[in-house]
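Scroll down for the structure; my scribbles are underneath it.
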Amino acid sequence: MARPGKDDDSLIERAEGEAAPNPVWFKPIMIGLMLVGLVWVLVFYLSGPLQLPIPGIGAWNLAIGFGIAFVGFLMTTRWR
């Protein structure tokens with residue numbers, strides 16, 4: 001005997017104003033951006049006078065690193 005409502009189990013009902021869940025790629029990108037920004041800043045500080053990762057721009061490496069991490073933190077506000 002077939003179970004009643006078997007097809008209904010796969011449907012997920014949402015309220016009209018409720019936001020959809022995030023795509024699968026959202027969380028890895030969010031965490032990845034925060035980690036890349038952190039690594040960028042750490043490389044800049046640990047490289048000393050070489051001023052890596054981009055030697056020619058000096059302290060702007062800090063702005064780039066914090067900017068990348070900041071984009072990751074902004075993504076956390078959209079995470080569901």
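A chain of hydrophobic side-chain contacts below 4.5 Å, direct or via other Ile, Leu, Val, Met, Phe, Trp or Tyr residues, connects V36 to I31. Residue V43 is not grouped with residue L35 when hydrophobic side chains (ILVMFWY) are merged at heavy-atom distances under 4.5 angstrom, including chains of intermediate members. No continuous path of ILVMFWY side-chain contacts below 4.5 Å connects W60 to L62, so the two sit in separate hydrophobic clusters. I64 and V41 are not part of a single hydrophobic cluster, where members link through side-chain heavy atoms under 4.5 Å apart.
Between N61 and Y45 there is no side-chain heavy-atom pair separated by less than 4.5 Å. For the pair R80/F26, no side-chain contact is recorded, criterion being any heavy-atom separation below 4.5 Å from C-beta on. Between M30 and N22, the closest side-chain pair of non-hydrogen atoms is not below 4.5 Å.
Minimum heavy-atom separation, P55 to L50: CB-O, 3.7 Å. Smallest separation of non-hydrogen atoms from W79 and K27: CZ2-CD, 3.4 Å. Between L52 and S47 the shortest heavy-atom distance is N-OG, 3.0 Å. Here the closest non-hydrogen pair linking W40 and I68 is CE3-CD1, 4.2 Å.
The distance from atom CZ of F70 to atom CG of L74, rounded to the nearest 0.5 Å, is 4.0 Å. Rounded to the nearest 0.5 angstrom, F66 CZ and F73 CZ are separated by 10.0 Å. In this structure, the separation between OG1 on T76 and CG on L33 is 11.5 Å, given to the nearest 0.5 Å.
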